[in-house]
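One structure is given here, and the rest of the page talks about it.
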Amino acid sequence: SPGDSDASDGQLELMSRRRGVPKQPGYTLAEFSVSFLQYSSSIHTRKTMESHATALRELMRCVGPDRAMASISIADCERFLAMKTVEASPMTARKYYLALSATFDRARTWGKIEKNVWRDVKKPRVPEVLPTYLTREELDRLRTAIRDDVFRHLVEFAAMTGMRASRVTRSIKFFPP
């Protein structure tokens, strides 16, 4: 099964000794993290794997690496999300929710836990952010500050259409140099 190597056992033992916390019975968050990240590195993109790694690391920071996965409660999850909302933002809390929900689904699939507690936690809502617009004076100052004609036209195009930067840059390929 994933994560049963001697190296991961040594890493887990070291983590337990460092924290001075006795290991809880059951499959721990640290044990799962090692197994899941090894699995994730073989099937997910680097960015997705890093998102999962960060979410698991932050959850372990909150509840402890030697915490049995089955003992993590809805209250623990909600406390973690509230902490992330305060420390970072509602969007960050939502990203952690999505990553941890997926990772706990994998733990359930592997038979390490009976139920994915994250499925009973309400997904964090992200407040809608209204776009900000440049005033005519601000746009004129921006135009004046840009020396490169091509870049200035690109900025004007973006400002006048309201397109996202990624859409503007993708649309460039349709225009000859």
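From a predicted model like this one, the values you see are computed outputs, not experimental measurements.
Each of Y96 and V126 belongs to its own hydrophobic cluster when Ile, Leu, Val, Met, Phe, Trp and Tyr are linked at side-chain heavy-atom distances under 4.5 angstrom. In the hydrophobic cluster analysis, where Ile, Leu, Val, Met, Phe, Trp and Tyr join through side-chain heavy atoms closer than 4.5 angstrom, V150 is grouped apart from F157.
Side-chain contact annotation: Y27 with S35, donor-acceptor N/O pair under 3.5 Å present. S51 and T54 share no donor-acceptor pair across their side chains, judged by distance under 3.5 Å alone.
Atom CD1 of residue I146 and atom NE2 of residue H153 lie 10.5 Å apart, to the nearest 0.5 angstrom. For the atom pair OG of S41 and CD of E50, the computed distance is 11.5 Å after rounding to the nearest 0.5 Å. The distance from atom CZ of R67 to atom OG1 of T28, rounded to the nearest 0.5 Å, is 11.5 Å. For the atom pair R94 CZ and L81 CG, the distance stands at 11.0 Å (nearest 0.5 Å). To the nearest 0.5 Å, atom CD1 of residue I72 and atom NZ of residue K115 are 14.0 Å apart. The distance from atom CZ of F32 to atom NZ of K112, rounded to the nearest 0.5 Å, is 10.0 Å.
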Next on the checklist: One pair to check against side chain to side chain contact (heavy atoms under 4.5 Å, CB included): L59 and F104. What are the steps and the verdict?
Outcome noted: CA-CA 12 Å; L59 181 61; F104 273 61; 4.0 Å; yes

Checklist entry - Between L139 and M160, does a side chain to side chain contact (heavy atoms under 4.5 Å, CB included) hold up when you go through it step by step? => result CA-CA 10 Å; L139 184 56; M160 298 301 182; 3.6 Å; yes

Next on the checklist: Between R119 and S101, does the side chain to side chain donor-acceptor pair (under 3.5 Å) criterion hold? Intermediate values first, please.
Outcome noted: CA-CA 7 Å; R119 295 296 178 194; S101 182; 3.1 Å; yes

Next on the checklist: Set out, in order, the CA-CA distance, both residues' side-chain angles and the distance that settles side chain to side chain contact (heavy atoms under 4.5 Å, CB included) for M49 and I43, then state yes or no.
Outcome noted: CA-CA 9 Å; M49 198 210 76; I43 67 158; over 6 Å; no

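At least one side-chain heavy atom of C62 sits less than 4.5 Å from a side-chain heavy atom of M83.
Residues meeting the side-chain contact (heavy atoms from CB on, under 4.5 Å) test with R108, sequence neighbours left out: D105, I113. Applying the side-chain contact (heavy atoms from CB on, under 4.5 Å) criterion to S42, with sequence neighbours excluded, gives no partner residue. A search for side-chain hydrogen bond (donor to acceptor under 3.5 Å, both in side chains) contacts involving R152 returns D149, not counting sequence neighbours. Contacts of Y97 classified as ring-ring contact (aromatic ring centres under 6.0 Å, His included), with partners at least two apart in sequence or in another chain: none.
Crowding of E114 atom CD: a count of heavy atoms from other residues, nucleotides or ligands under 6.0 Å not exceeding 12. Atom CZ of R164 has 12 or fewer heavy atoms from other residues, nucleotides or ligands within 6.0 Å.
A donor-acceptor pair under 3.5 Å is formed between the side chain of T103 and the backbone N or O of L100. Counting only distance, with no hydrogens or angles, the side chain of S71 and the backbone of A68 share a donor-acceptor pair below 3.5 Å. Within the 3.5 Å criterion, the main-chain N or O of L29 finds no donor-acceptor partner in the side chain of S33.
For residues 47-66, the set of pairs meeting the ring-ring contact (aromatic ring centres under 6.0 Å, His included) definition, not counting sequence neighbours, comprises F36-H52, H44-H52. Every pair tested for ring-ring contact (aromatic ring centres under 6.0 Å, His included) that includes a residue from residues 128-148 fails, sequence neighbours excluded, so the list is empty.
Closest of all the heavy-atom pairs between A93 and T85 is CB-OG1, 3.3 Å. A55 approaches A99 most closely through the heavy-atom pair CB-CB, 3.7 Å. Smallest separation of non-hydrogen atoms from S73 and V117: C-CG2, 3.6 Å.
Under the salt bridge (charged side-chain N to carboxylate O under 4.0 Å, His left out) test applied with R143, the options E156, E138, E137 reduce to a single match, E156.
Salt bridge annotation for E58-R61: present, with a cationic side-chain nitrogen under 4.0 angstrom from a carboxylate oxygen.
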